[in-house]
Structure formats: C-alpha cells, structure tokens
Enquirer: 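Below is a structure I'd like to ask you about.
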Amino acid sequence: VCAVAHVTAKTMPHEDAECRKGSAPNIHDPATRELSVVVPSYNEENRLPLMMDEALDYLEKRQKQDPSFTYEVIVVNDGSKDQTAKVAKEYCKKYGSDKVRVISLEKNRGKGGAVRTGVFSSQGKKILMADADGATKFADIEKVEEGLKNLQPWPKGMAISCGSRAHLEKDSIAKRSYFRTLLMYGFHFLVWFLCVKEIRDTQCGFKLLTREAALQTFSNLHIERW
C-alpha cells in the first residue's frame, strides 16, 4: 500500500509568495470577486503576454467604468519548461497580487488538471476558462455572459455558457490538410454521438461557469489530461 501511494502521489501545487496575500483561497469559501479568470499555461512564454495584455486591458477598463466590478486572473503554470512562470509573475508585480496570481505545478498534469487547480483556488462568483494562446478575443466574454444570463433561472445556482468558433469553421478548414479535416470531422462525430449533442464547439477554451457549477463540475473531474 505504501509503495502504491508513493508512486501515485502528486506534488501539491504551490502559489508564488509574491503573488498571494494571506491564506490560499478555496472554492468552498464565499465568493469575494465578481469574476475569476483561470488561464492554464504550458510553455506559453511567447503567447501569454499577448493574451494577458488584452485581458487585463479589458478588465481594467471595465473596472474603471464600474467600480463594483472586481476580478482576478489566475495563471496556472502547468509544469512549464520555459519562462512561463517568470512572465506571469511580471503581471503580478505590475497589477498586484489581488488581481493577478500565479500557481505553479511541479509536474505537467494536463489542461484538465491545470484548470481544476485554478478553479479550486478561485474567488469569483463567475469563473472563466481562457486559453493562454489568445485564440478567443477576450472582449467576447460579454457574449458568454449574455449566454449565461439567458439561462436564468439557474437550477441550484448552476449554469455554464460555452464560447463557440463554429461560425469560423469554413475559414479554418481552408487552412487545414484534407487528412486533418477528416480527423476533425471524425472527432466531432464521436463527441456528438457519445457525449454532447447540443454544443457545436466543445473544444473552445472559453467557458463561463457559475461558482456552484464550477464546484460540481471540477469536483467530479477524473481525467486531468487533454
């Protein structure tokens, strides 16, 4: 039993001391922010600055327009081998630990594990997943917020709004090889047939969840990788 426990044990993530004040937040605690943005990052030192600049510029402008709007951005460094953590910490220093936090995983656990780590440490009433590659324009959060609002009344406070790039499918296909296009359609068919039939773009990394929905969803997540 001890041998199995040792082999399967996972190193706990650590939050950079410069990017956190007080005890580590927990999703079971009451929300203290309007919005938490969780950014899973693996070897993203080159693309992360573009995404962070766009996101923080939008969030700062929104806060100036509405002082009651509060936010945090949680960058989860998923065991990166490059300078991802260093890049993220620069934003923590610039904007303060109340707005930007960095959590580092000792070993790469995959996107599922990285997002779950960020979600479990979030403080927002709403929690947004956002990819570090900036594939989605950050201001489009207003569209997923509208989608979340349209789902009211939320059963037990739970609702999820998913971003979609389905309307860009024709443009993306034109840039792909026939083989990749075939794989894409095959994958989409399997997802539709076995799992989800009402969401066209399940792979878009831009999803907005209520705090209650995030707790239920990620507490039941067992596959941490892709």
Side-chain angles (χ1 to χ4, degrees), residues 5 8-44 48 51-52 55-56 59 70-80 84-85 88-89 91-92 95-133 138 141 144-145 148 154-163 202-226:
T8 59
K10 296 176 181 176
T11 304
M12 293 298 291
H14 68 269
E15 191 163 350
D16 191 274
E18 297 177 9
C19 299
R20 177 174 59 83
K21 293 180 180 178
S23 59
N26 190 291
I27 195 171
H28 293 281
D29 299 332
T32 58
R33 304 282 192 281
E34 288 296 317
L35 177 69
S36 292
V37 182
V38 177
V39 186
S41 305
Y42 177 65
N43 293 344
E44 294 286 3
L48 184 62
M51 181 271 167
M52 291 290 285
L56 288 164
L59 293 168
T70 53
Y71 74 88
E72 64 175 351
V73 178
I74 305 171
V75 180
V76 183
N77 170 34
D78 190 16
S80 299
T84 295
K89 290 174 188 176
Y91 287 93
C92 173
Y95 290 90
S97 59
D98 288 339
K99 292 184 176 180
V100 179
R101 293 192 285 129
V102 182
I103 300 175
S104 290
L105 302 176
E106 295 296 334
K107 295 182 180 179
N108 176 263
R109 286 168 59 181
K111 186 174 182 180
V115 174
R116 180 167 67 173
T117 297
V119 166
F120 280 174
S121 182
S122 64
Q123 304 174 84
K125 294 178 182 177
K126 298 173 185 175
I127 301 171
L128 177 75
M129 290 170 50
D131 285 345
D133 61 4
F138 196 85
I141 185 178
V144 289
E145 283 180 320
L148 202 67
W154 302 329
K156 297 182 179 179
M158 295 189 290
I160 303 174
S161 179
C162 300
T202 59
Q203 302 308 297
C204 181
F206 206 68
K207 295 178 173 66
L208 184 66
L209 306 89
T210 62
R211 190 171 184 82
E212 293 78 7
L215 174 60
Q216 290 295 324
T217 301
F218 288 95
S219 293
N220 288 286
L221 178 68
H222 299 288
I223 299 175
E224 291 193 330
R225 303 213 64 81
W226 178 83

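Keep in mind that the numbers below use all heavy atoms, side chains included, and drop hydrogens, waters and symmetry copies. The shown structure was predicted, so the numbers you read here are calculated from the model rather than taken from an experiment. For reference, positions follow the sequence shown, starting with 1.
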Enquirer: When you measure from the side chain of Asp131 to the backbone N and O of Asp133, does any donor-acceptor pair fall under 3.5 Å?
Expert: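 No, the answer is negative, given that no donor and acceptor are paired below the 3.5 Å cut-off.
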Enquirer: Determine whether the side chains of Arg211 and Ser36 contain a donor N or O and an acceptor N or O closer than 3.5 Å.
Expert: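 Side chains of Arg211 and Ser36: no pair found under 3.5 Å.
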Enquirer: Take Ile141 and Phe206 through the test side-chain contact (heavy atoms from CB on, under 4.5 Å) and record every step on the way to the result.
Expert: CA-CA 8 Å; Ile141 185 178; Phe206 206 68; 4.1 Å; yes
Enquirer: Verify, without hydrogens or angle tests, whether Asn43 (side chain) and Ser80 (backbone) share a donor-acceptor contact under 3.5 angstrom.
Expert: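 Here the side-chain-to-backbone pair does not exist.
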Enquirer: Do Phe138 and Val37 have side chains that approach each other closer than 4.5 Å (heavy atoms only, starting at C-beta)?
Expert: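 A side-chain contact under 4.5 Å exists here.
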Enquirer: Closest approach of Leu221 and Arg116, non-hydrogen atoms and distance?
Expert: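 For Leu221 and Arg116, the tightest heavy-atom pair comes out as O-NH1, 2.8 Å.
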Enquirer: Ignoring hydrogens and angles, tell me if any N or O in the side chain of Ser121 forms a donor-acceptor pair with the backbone of Asn26 under 3.5 Å.
Expert: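 Such a contact is absent between Ser121 side chain and Asn26 backbone.
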Enquirer: I need the minimum non-hydrogen distance between Arg33 and Asp98, along with the two atoms involved.
Expert: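 Looking at all heavy atoms of both residues, the shortest contact is NH2-O, 3.4 Å.
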Enquirer: Check whether any side-chain heavy atom of Thr117 sits under 4.5 Å from a side-chain heavy atom of Leu105, and report yes or no.
Expert: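 Yes, their side chains come closer than 4.5 Å.
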Enquirer: Taking atom CD of Gln216 and atom CD1 of Ile27, what is their separation to the nearest 0.5 Å?
Expert: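 Gln216 CD to Ile27 CD1: 9.5 Å, rounded to 0.5 Å.
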Enquirer: Restricting to non-hydrogen atoms, name the atom on Phe218 and the atom on Phe120 that form the minimum distance, rounded to 0.1 Å.
Expert: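 So the two residues come closest at O-CZ, 3.6 Å.
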Enquirer: Please walk me through it: do Ser122 and Ile74 pass side-chain contact (heavy atoms from CB on, under 4.5 Å)?
Expert: CA-CA 8 Å; Ser122 64; Ile74 305 171; 4.0 Å; yes
Enquirer: Quick test of your reading of the model: are Glu34 and Lys126 salt-bridged, counting only N-O distances below 4.0 Å?
Expert: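 Lys126 and Glu34: not salt-bridged.
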Enquirer: Does the pair Leu128 and Leu35 meet the rule for a side-chain contact (heavy atoms from CB on, under 4.5 Å), with working shown?
Expert: CA-CA 7 Å; Leu128 177 75; Leu35 177 69; 4.2 Å; yes
Enquirer: Checking Val76 against Val39 for the side-chain contact (heavy atoms from CB on, under 4.5 Å) test, could you report, in this order, the C-alpha distance in whole Å, the side-chain angles of both residues, the deciding distance, and whether it holds?
Expert: CA-CA 6 Å; Val76 183; Val39 186; over 6 Å; no
Enquirer: Just how far is it from atom CE of Met129 to atom CG of Leu209, taken to the nearest 0.5 Å?
Expert: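 With rounding to 0.5 Å, CE (Met129) is 7.5 Å from CG (Leu209).
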Enquirer: Under 4.0 Å between a side-chain nitrogen and a carboxylate oxygen: does that hold for Glu72 and Arg101?
Expert: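 Salt bridge between Glu72 and Arg101, a charged N being under 4.0 Å from a carboxylate O: yes.
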Enquirer: How far apart are the closest heavy atoms of Val119 and Ala214, and which atoms are they?
Expert: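 Val119 and Ala214 have their closest heavy atoms at CG1-CB, 3.8 Å.
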Enquirer: For the pair Asp78 (side chain) and Tyr42 (backbone), establish whether a donor and an acceptor sit closer than 3.5 Å, ignoring hydrogens and angles.
Expert: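 Side chain of Asp78 to backbone of Tyr42: no pair is present.
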Enquirer: Given 3.5 Å as the limit, does a donor-acceptor pair link the side chain of Trp154 with the main chain of Leu148, or not?
Expert: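 Side chain of Trp154 to backbone of Leu148: a pair is present.
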Enquirer: Would you say the side-chain atoms of Ser104 pair up with the backbone N or O of Asn77, donor to acceptor, closer than 3.5 Å?
Expert: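 No, because the side chain of Ser104 does not come within donor-acceptor range (under 3.5 Å) of the backbone of Asn77.
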Enquirer: Using modelled atom types and a 3.5 Å cut-off, is there a donor and acceptor pairing between side-chain atoms of Ser41 and backbone atoms of Ala132?
Expert: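 No; zero donor-acceptor contacts below 3.5 Å.
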Enquirer: Going by atom types alone, do Thr32 and Gln123 pair a side-chain donor with an acceptor below 3.5 Å?
Expert: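 Gln123 and Thr32 do have a side-chain donor-acceptor pair below 3.5 Å.
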Enquirer: Ignoring hydrogens, what is the shortest heavy-atom contact between Ala88 and Val75? Give both atom names and the distance.
Expert: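 What the structure gives for the nearest pair is CB-CG1, 3.8 Å.
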